[in-house]
Number of protein chains: 2
Amino acid sequence: MFLDPVSRFRRFARASVSEVGALDHSFLGRGRPLGVARVLNAIGHGKGDVSEIRAYLGLDSGLVSRMLRGLEEEGLVETTPDPADGRRRIVTLTPAGEAEFAAYEALSDDRARHALARHANPEALLAAMDLVASAFGRDQIALREVDPRSDVARYCLGEYYAELARRFERGFDVALSADPEAGSMIRPRGAFVVAFSDDMPVGCVGLKGTCADYAEVKRLWVAPAARGLGLAWKIMAQVEAIARELGVPLLRLDTNKALPEAVAMYRKSGWTEIDRFNDDPYPDFFFEKRL
Amino acid sequence: MFLDPVSRFRRFARASVSEVGALDHSFLGRGRPLGVARVLNAIGHGKGDVSEIRAYLGLDSGLVSRMLRGLEEEGLVETTPDPADGRRRIVTLTPAGEAEFAAYEALSDDRARHALARHANPEALLAAMDLVASAFGRDQIALREVDPRSDVARYCLGEYYAELARRFERGFDVALSADPEAGSMIRPRGAFVVAFSDDMPVGCVGLKGTCADYAEVKRLWVAPAARGLGLAWKIMAQVEAIARELGVPLLRLDTNKALPEAVAMYRKSGWTEIDRFNDDPYPDFFFEKRL
DNA sequence: CATGATAACTGACTTAAGTCAGATAAAAAT
DNA sequence: ATTTTTATCTGACTTAAGTCAGTTATCATG
């Protein structure tokens, strides 16, 4: 039938192949084989030495070597031995190489802009693309600790608050809630973890240490694009590991009945429901977990 | 920034490239170069003669010829002259070729099933994929007249009714509405048009001819995945063209205030609002357009 | 029926991409 | 201090993919 899941998936694959193939083809317009263009782009995107390029593009060592010699002859890249390890070679773009890389970037950017401009609702298209990209890249999602006052952290918290405002019956106002002061979410008292999928933040959680008895898990958020991938479990496992590392004996958290997925997950992952332990106006449920 | 539209688009492109590349790679497992495998697949998907294959895959005539000779030697395909045009050659799969094609299909299907099975909400992932695929394939959307009693037509109408039920304040019950009898949406009295994107139905409209004075436009629907592509305009232009062809002097339609995009589109495309011309309980607005 | 156009084919070629077996030099392990 | 491992490079090769000029048979058209 025209609607079974496999057909729909494969329709998507076909459409993407031709779109992606068209991008490759546009790269050929700069008179350089695709393989060489890809190496140049890898360097431009910060792949700093030969083995990194090789790993990133999955190419044979000899092949990369030869392509680098070619780019050197064109005057686009320079290689110098790594001072820390004389076997390795560090590859950098010359000014001419930067210009060439910028030209390739411009091609990709134009293509993206053009495709988006044709759609009457680009935000809907981008949301769909985010979802697909997150699903494809699910195994590459990386958790990193960041400063809770950094731009990424503030972005995640903003999205989290906006989601609460949408889902809580009477909305959500950060000022009324116990806003974790940033200092309590920085080591050694606590931590703030952000999940990145290919540099895009797709989730976060805060570990707030305020007293010796316990620490609190706050601001668990998963971007709509990354839901269904088990990311919340992964983030929670990480925050528990950090808490153990910091010597926290007990974790507590509160949550709201408007977030049933979260409540269900806590119940299923070893948290036990307890009595109210704060006077925050929003939460309906309170949990703790001994480490 | 990590969130500007171009970065998001390109993140999607990167993720799709590796996913699509992995599919190509899995094809290599059957000991045949990718180009040859693609030719075999083209034949399996109904590309019946050499020029069709060539056009579909965008390949050189000599190259396709050679690959076909190879497949013939393997005993996977047979070519016979086209009885209607002796220059053309018709290519068919032998039983062994069918088996080989099925094996490739199974690889793609497995891959799709596997990717979908990993997601906790496959329907959300598929909806996103449908949206992206429709946007990429927007220029290939084809309008075809079908029998309003056919499976595709019934599918479209079902989706249309479900959408009305969601959007109308008091729901929607087909039985209460003037359900166009199929006969009035078949030539010469009327027509039923379905929009296909790569074999998936993404929109429809009915032209219902019941009297000599005018015909009615009914059941205009665009799938959520295909919204933002200007498809409604295209469908309406087509239905008007068909009406002219049938010698209809005047078109009428009714619509509901819960569908403001539709109302806005009618106003912007030459329709004039008129008084109620039927006693259907649902519509709030009535339009006509002289041809 | 002569002429030109078209579809498929063949042979001779080029380029891109990848593989593989050493060579070399530096680092790490014993 | 010697051996082993690792990172990169070179040269010699293979395969895949594509290009192009020219051939043959058939079709379409005046």
Side-chain angles (χ1 to χ4, degrees), chain A residues 17 20-43 47-74 77-92 104, chain B residues 17 20-43 47-74 77-92 104:
Chain A
V17 167
V20 157
L23 182 58
D24 280 359
H25 199 79
S26 78
F27 273 18
L28 264 36
R30 298 196 64 76
R32 201 171 278 113
L34 197 57
V36 180
R38 296 213 308 146
V39 168
L40 189 67
N41 273 280
I43 302 165
K47 305 297 160 196
D49 65 38
V50 179
S51 52
E52 244 183 306
I53 296 167
R54 220 176 42 203
Y56 178 64
L57 297 174
L59 298 175
D60 177 82
S61 136
L63 185 53
V64 172
S65 231
R66 245 184 303 275
M67 291 197 281
L68 285 173
R69 283 307 79 65
L71 287 168
E72 270 183 335
E73 275 166 39
E74 276 194 85
V77 309
E78 272 169 355
T79 59
T80 47
D82 184 342
D85 181 343
R87 293 170 301 181
R88 295 193 129 86
R89 314 212 82 206
I90 292 175
V91 187
T92 49
Y104 279 112
Chain B
V17 167
V20 157
L23 181 59
D24 281 359
H25 198 79
S26 79
F27 274 18
L28 263 36
R30 298 196 65 76
R32 202 170 279 113
L34 196 57
V36 179
R38 298 214 306 149
V39 168
L40 188 67
N41 273 281
I43 301 165
K47 306 297 158 193
D49 65 38
V50 180
S51 53
E52 242 183 309
I53 295 167
R54 219 174 44 201
Y56 178 65
L57 298 175
L59 298 176
D60 177 82
S61 136
L63 185 53
V64 172
S65 234
R66 245 184 302 275
M67 291 196 281
L68 284 174
R69 284 306 81 66
L71 287 168
E72 269 183 335
E73 273 166 40
E74 276 194 86
V77 308
E78 272 169 354
T79 59
T80 47
D82 183 342
D85 181 343
R87 293 168 303 179
R88 295 194 128 85
R89 313 213 82 204
I90 292 175
V91 186
T92 49
Y104 280 112

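Naming: A, B, ... by sequence-line order, numbering from 1 per chain.
In this structure, B/R54 atom CZ and D/dC20 atom C1' are separated by 14 Å, rounded to whole Å. Rounded to whole angstrom, the span from the CZ atom of A/R89 across to the C1' atom of C/dA26 amounts to 12 Å. In this entry the distance linking CG of B/D85 with C1' of C/dA5 reads 12 Å, nearest Å. Atoms CZ (B/R88) and C1' (C/dA7) sit 7 Å apart, rounded to a whole Å. Summarising the geometry, the separation between CG on A/D24 and P on D/dG18 is reported as 12 Å, rounded to the nearest angstrom. Rounded to whole Å, the distance from CG on B/D82 to C1' on D/dT26 is 11 Å. The distance between atom CG of B/L28 and atom P of D/dT15, rounded to the nearest whole Å, is 14 Å. Atoms CG (A/L34) and C1' (D/dA17) sit 13 Å apart, rounded to a whole Å.
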Working for side chain to side chain contact (heavy atoms under 4.5 Å, CB included), residues B/L68 and B/I43: CA-CA 10 Å; B/L68 284 174; B/I43 301 165; 3.9 Å; yes
Apply side chain to side chain contact (heavy atoms under 4.5 Å, CB included) to the pair B/R66 and B/R69, showing each step before the final yes or no. CA-CA 5 Å; B/R66 245 184 302 275; B/R69 284 306 81 66; 5.6 Å; no
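Taking all atoms of both residues into account, the shortest heavy-atom contact from B/R32 to B/E74 is NH2-OE1, 2.9 Å.
For the side-chain hydrogen bond (donor to acceptor under 3.5 Å, both in side chains) test with B/R89, the passing option among B/D49, B/D82, B/T79 is B/T79; the others fail. The one candidate from B/L40, B/L59, B/V64 that meets the side-chain contact (heavy atoms from CB on, under 4.5 Å) condition with B/I53 is B/V64.
Checking C/dA17, C/dC9, D/dT8 against the side-chain heavy atoms of A/P33 singles out C/dA17 as nearest. Nearest to the side chain of B/D49, among D/dC9, D/dA16, C/dA8, sits C/dA8.
At the heavy-atom level, A/S51 lies under 4.0 Å from the strands shown only through sugar-phosphate atoms.
The side-chain heavy atoms of A/V39 and A/L71, taken from C-beta on, include a pair separated by under 4.5 Å. In this structure the side chain of B/P83 reaches within 4.5 angstrom of the side chain of B/I90, judged on heavy atoms.
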Polar-atom pairs under 3.5 Å, protein N or O versus N or O of nucleotides 20-25 of chain C: list them with distances, or write none.
none

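Between A/A84 and A/R38, the residue anchored nearer the 5' end of DNA chain C, judged by the nucleotide with its closest heavy atom, is A/R38.
Taking only side-chain nitrogens and oxygens, B/R69 comes nearer than 4.0 Å to OP1 or OP2 of C/dC9.
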